[in-house]
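Working notes, beginning with the structure itself.
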Amino acid sequence: MRLTCSAFPCDCHIQKVFVNPIPSLRVTALNSLPVRGDGEFVLYWMIANRRATSNFALQHAVHWAKELRRPLVVLEALRVGYQWASDRLHRFVIQGMADNQRAFANSGATYWPYVEPEAGQGAGLVERLAASACVVVTDDFPCFFLPRMLKAVAPRLPVKFEAIDSNGVLPLKAAPQVFPTAYAFRRFLQRDLPNHFCDAPLVDPLREARLPPLTSLPEEIHVRWPRANDAQLAASTSSLALLPIDHNVKPAAFDGGYQAAQRALQLFIDRKLARYEARNEPEEEVTSGLAPYLHFGHVSSHDVFARVIAAEDWRPSQISTKVNGSREGWWGMSPAAEGFLDQLITWRELGYNFCSRRADYDQFESLPAWAQATLDEHLTDERPSVYSLPDFEHARTHDELWNAAQRQLVREGTMHNYLRMLWGKKILEWSPTPREALSTMLELNNKYAVDGRNPNSYSGIFWILGRYDRAWGPERPIFGTIRYMSSQNTARKLNVKGYLSKYGPASRSRGLFD
DNA sequence: ATCGGCTCGCGCAA
DNA sequence: TGCGCGAAGCCGAT
């Protein structure tokens, strides 16, 4: 059976033979046990790619179910006991569950959303389901507590257990090493990405799958880990209030879930992409806003990529074969689209590459040697302004542009891309040590940003301290040769007047701390 | 508002 | 050996 590329109307030379088995580079065995042929169902434990479409992990689980002629159970669980669990993160994820419940209805698969009511209550759920399963498939995600969780669960499961990488367009295992700069990674992509970007996941892997229906789940599951009900899935303030999570971090200024992600994507393609070259201007609303959805897997990067391709009426033959690391003229698209793909693919997947290969991705010691050396040399430099974590958190600095950016983060759950760099550079300048600056940035970003705890958040924060960068400009106090930024120059370069008044201390529309 | 100079390591073409 | 290139740098000149 010959099929054309599923991602786009494709004129590439690579002909797909059959698309159902996913690329083997995306499969990692988490144990060495066999599939149990007499199990009752196939289990897909959805922990990162929280969507029913364009999902290699789901596609792989469906493939097992078809091959074994067994029902498919999809478990999407949300724990309360992890660090930074809050109304903001819970609401976003639960809105995604409500969308997934609709998407899996009448799909032939059994969807089981579970919201843990108290820390520890969810323990044993996966093990109990696995005891009845033929095989367990889950998501491969390179950071936060997920790798640790899978490592802890793996030895307790009695059947084959596989993690599937549906993170990006390039399989994580396709890159042979960590890259020191975006430039070096771009060179690698210019050589290797064309071997992979036609291998897109099926948009709807359950379509015509004709899986046998599940007759029942074990009674113990219904009793101890009941399916989230409609009230829980509404994710209202009152239902969130019942959970032992941080209620001071209010819901984000945007909704979570597949539907909201599709709306954001549509809006971006229709109204923003063409003006994307103005992305550094905080008052031009042209950035995609897709990072939170990509983080929780509510949209796939393959889908976003496909929409850009369609909007640009692009064919793979337009790609340049030059391997020069240059941002411009690689794809053969408009400058705006090339700029966006540099974010979506080069920078996004660079961060995933780092986190998947460096267990110390969130440690100061993971910085390049030149950066650690220059920061060390300036460790005892006098700091003209020093703020504590609560000062930063409550936007109590002398710098109104900085305070505005921090208020945007706290109120909305996101911060403008360009200002986030200035935000971090000033935290470095105003902290007693670079290590304390790092810990402040991680705490604030992980707590308030919906897309925190993602490889790209770590890239952004560590870039402040020199990761993926190089020594730049004159040697300065505190910074050494780390790239410096100032609010004065940012205000000179960009239009920030409207931003300052929107997020100024006087605007109380959604204020938490004012 | 926009510009060039500052500065450096790397891969690759020559 | 020289050239082109780089996540968003700064500063002063026009």
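Naming: A, B, ... by sequence-line order, numbering from 1 per chain.
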| Pairing pattern in dot-bracket form [Watson-Crick, G-U; both distances under 3.5 Å; | = partner strand] for DNA chain B | ||||||.||||||.

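Looking at heavy-atom distances under 4.0 Å, A/Met421 makes contact with a base. No engagement by A/Ala471 is indicated, since no non-hydrogen atom pair under 4.0 Å with the nucleic acid exists.
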| task | Could you walk me through whether A/Arg88 and A/Glu412 pass the salt bridge (Lys or Arg N to Asp or Glu O under 4.0 Å) test, one step at a time? | result | CA-CA 9 Å; A/Arg88 176 166 297 175; A/Glu412 299 188 352; over 6 Å; no

| task | Would you sort out whether A/Trp423 and A/Gln406 count as a side chain to side chain donor-acceptor pair (under 3.5 Å), showing the intermediate values? | result | CA-CA 8 Å; A/Trp423 173 84; A/Gln406 172 65 19; 3.0 Å; yes

| How far apart are the C-alpha atoms of A/Asp87 and A/Lys250, what are their side-chain angles, what is the distance that settles it, and do they pass the salt bridge (Lys or Arg N to Asp or Glu O under 4.0 Å) test? | CA-CA 6 Å; A/Asp87 283 15; A/Lys250 305 296 181 196; 5.7 Å; no

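Residues satisfying the side-chain hydrogen bond (donor to acceptor under 3.5 Å, both in side chains) test with A/Glu281, not counting sequence neighbours, are none. Every residue meeting the ring pair (Phe, Tyr, Trp, His ring centres under 6.0 Å) condition with A/Trp331, not counting sequence neighbours, appears here in chain and number order: A/Phe305, A/Trp314. In this structure, the side-chain contact (heavy atoms from CB on, under 4.5 Å) partners of A/Trp370, at least two apart in sequence or on a different chain, are A/Pro368, A/Thr374, A/Ala471, A/Thr481, A/Ile482. In this structure, A/His90 has no ring pair (Phe, Tyr, Trp, His ring centres under 6.0 Å) partners at least two apart in sequence or on a different chain. When the ring pair (Phe, Tyr, Trp, His ring centres under 6.0 Å) test is applied to A/Tyr44, no partner is found at least two apart in sequence or on another chain. Evaluation of the side-chain hydrogen bond (donor to acceptor under 3.5 Å, both in side chains) rule for A/Tyr361 yields no partner, not counting sequence neighbours.
Distances shorter than 4.0 Å separate some side-chain N or O of A/Arg483 from OP1 or OP2 on C/dA8. Dashed line: the shortest gap from a side-chain N or O of A/Arg420 to OP1 or OP2 of C/dA8 is not under 4.0 Å.
Between the CZ atom of A/Phe462 and the P atom of C/dA8 there is a distance of 19 Å, given to the nearest Å. In this structure, the CZ atom of A/Arg186 is 7 Å from the P atom of C/dG6, given to the nearest Å. The separation between A/Ile482 atom CD1 and C/dC10 atom P is 15 Å, rounded to whole Å. We find that NZ of A/Lys322 is positioned 11 Å from P of C/dG6, with the value rounded to whole Å. In this entry the distance linking CG of A/Leu350 with P of C/dA7 reads 9 Å, nearest Å. The distance between atom NZ of A/Lys493 and atom P of C/dA7, rounded to the nearest whole Å, is 14 Å. One atom, CG of A/Leu494, and another, P of C/dA8, lie 14 Å apart when rounded to the nearest Å. Look at OH on A/Tyr468: it is 19 Å from C1' on C/dC5, rounded to the nearest Å.
A/Asn49 and A/Ser166 form no side-chain donor-acceptor contact under 3.5 Å, judged by distance and modelled atom types alone.
In the region residues 326-347 of chain A, proximity to DNA chain C at under 4.0 angstrom, judged on heavy atoms, holds for A/Ser326, A/Arg327, A/Gln343, A/Trp347. Residues from residues 277-289 of chain A lying near DNA chain C, meaning a heavy-atom separation below 4.0 Å, are A/Asn280 in numerical order.
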Name every donor-acceptor pair, under 3.5 Å, that has one atom in a side chain of residues 258-265 of chain A and the other anywhere in the protein, sequence neighbours excluded.
none

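Rounded to whole Å, the P atom of B/dT7 lies 23 Å from the corresponding atom of C/dT1. Separation of the C1' atoms belonging to C/dA8 and B/dG11 is 24 Å when rounded to the nearest angstrom. C/dA7 and B/dT2 are spaced 23 Å apart, taking the P atom of each and rounding to whole Å.
Using a 4.5 Å heavy-atom threshold, the side chains of A/Val308 and A/Met333 count as touching.
At least one donor-acceptor pair under 3.5 Å links the side chain of A/Asn446 to the backbone N or O of A/Arg453. The main-chain N or O of A/Gly329 is found under 3.5 Å from a side-chain atom of A/Glu338 such that the two form a donor-acceptor pair.
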So which protein N/O to nucleotides 11-14 of chain C N/O distances come out below 3.5 Å?
unit_1: C/dC11; atom_1: OP2; unit_2: A/Asn489; atom_2: ND2; d: 2.8
unit_1: C/dG12; atom_1: O6; unit_2: A/Arg492; atom_2: NH2; d: 3.1

All N/O contacts under 3.5 Å from nucleotides 9-11 of chain B to the protein, with atom names and distances to one decimal?
unit_1: B/dG11; atom_1: O3'; unit_2: A/Arg187; atom_2: NH1; d: 3.3

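The pair A/Arg435-A/Glu365 counts as a salt bridge, with a side-chain nitrogen and a carboxylate oxygen less than 4.0 angstrom apart.
Each of A/Ile345, A/Leu273, A/Thr287 was scored for a side chain to side chain contact (heavy atoms under 4.5 Å, CB included) with A/Phe340, with one residue passing: A/Leu273.
Between A/Phe179 and A/Phe188, the gap from one ring centroid to the other is short of 6.0 Å.
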